[in-house]
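Scroll down for the structure; my scribbles are underneath it.
In each ligand, atom 1 is the first atom listed, and ligand 1 is the first ligand listed.
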Amino acid sequence: MFLLGLQKKIMNNKTFMMIKPDAVERGLIGKILADITDAGFKIIELKMVKLSLDDAKRFYKIHEDRPFFDDLTTYMSRSPIVAAVLSKDNAVDEFRKLIGSTDPNEADNGTIRKKYALSKGENSVHGSDSNENAEIESNFHFS
Ligand code: DAT
Ligand code: MG
């Protein structure tokens with residue numbers, strides 16, 4: 001039982017995040033990273049990179065049939081992003097709580113999206129939605 005618990009804890013302890021173009025453009029990298037480390041996350045990988053339109057389309061492939069796909073991929077490739085792998089117990093859920101709802105108008109007070117996001121489309125940060133996607137998205141950026 002102890003080993004199973006430990007294994008679960010290790011499998012739940014990482015997530016992947018990006019600081020998106022709208023936030024990088026407005027000089028918010030430092031503030032957002034401070035919010036993240038203040039919330040108890042450790043930064044274990046970090047880089048700033050400009051995605052090509054093709055990179056953005058591959059990263060967001062699950063949304064390719066959605067009406068906002070072109071806007072999303074054009075926006076994500078218009079200027080650099082910051083990509084990071086973070087660790088904390090229950091990292092995926094804890095990080096989604098820290099960033100808040102997709103639409104900043106629906107996000108709770110104190111969340112990163114409530115504080116910084118411009119709109120549902122330009123919402124300043126990405127956070128993986130499952131352990132499986134955290135692994136896939138981390139490998140996309142840090143292979
Ligand atoms: P999240 O980023 O909260 O996981 P998502 O995975 O549903 O949200 O969508 C990915 C991104 O696509 C989201 O951060 C912003 C954009 N997006 C989602 N729904 C949208 C909409 N209705 N209009 C415009 N952009 C949208
Ligand atoms: Mg998502």
>> Closer than 4.0 Å to some heavy atom of K20 - which atoms of ligand 1 meet that?
In response: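 Listed by number with element: 14 (O).
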> If you count the atoms of ligand 1 from 1 in the order shown, which ones are under 4.0 Å from a heavy atom of K120?
Replying inline: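 The atoms of ligand 1 under 4.0 Å from a heavy atom of K120 are 15 (C), 19 (N), 20 (C), 21 (C), 22 (N).
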> In terms of residue, atom name and distance, what is the protein heavy atom nearest to atom 2 (O) of ligand 1?
Replying inline: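 Going by distance alone, atom 2 (O) of ligand 1 is nearest to R113 NH2, 3.0 Å.
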>> Give me the residue, atom name and distance of the protein heavy atom closest to atom 10 (C) of ligand 1.
In response: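 Residue, atom and distance for the closest contact: H63 NE2, 3.5 Å.
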> Quick one: are H141 and I81 in side-chain contact, heavy atoms under 4.5 Å?
Replying inline: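 The answer is yes, as the side chains (C-beta and beyond) meet within the 4.5 Å cut-off.
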> Should one rank F69, Y60, F68 by closest heavy-atom distance to atom 20 (C) of ligand 1, which comes out on top?
Replying inline: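 Among F69, Y60, F68, the closest heavy atom to atom 20 (C) of ligand 1 comes from F68.
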> Evaluating non-hydrogen atoms only, which member of T102, V125, L72 is closest to atom 8 (O) of ligand 1?
Replying inline: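 The nearest heavy atom belongs to T102.
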>> So is N123 touching ligand 1 or not, going by heavy atoms under 4.0 Å?
In response: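 Checking ligand 1 against N123, which is what was asked, there is a heavy-atom contact under 4.0 Å.
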>> Given 3.5 Å as the limit, does a donor-acceptor pair link the side chain of N123 with the main chain of T102, or not?
In response: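 Here the side-chain-to-backbone pair exists.
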> Does any donor atom in the side chain of H126 or E137 lie under 3.5 Å from an acceptor atom in the other side chain?
Replying inline: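 There is such a pair between these side chains.
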> Cut-off 3.5 Å, side chains only: do D71 and T74 have a donor facing an acceptor?
Replying inline: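 No, because no side-chain N or O of D71 sits under 3.5 Å from a partner of the opposite role on T74.
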> Between D93 and K97, is there a salt bridge with N-O shorter than 4.0 Å?
Replying inline: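 A salt bridge is absent here (no side-chain N lies under 4.0 Å from a carboxylate O).
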> With under 30° as parallel and over 60° as perpendicular, where do the rings of F95 and F41 fit, or are they tilted in between?
Replying inline: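 Ring orientation, 0 to 90° scale: perpendicular.
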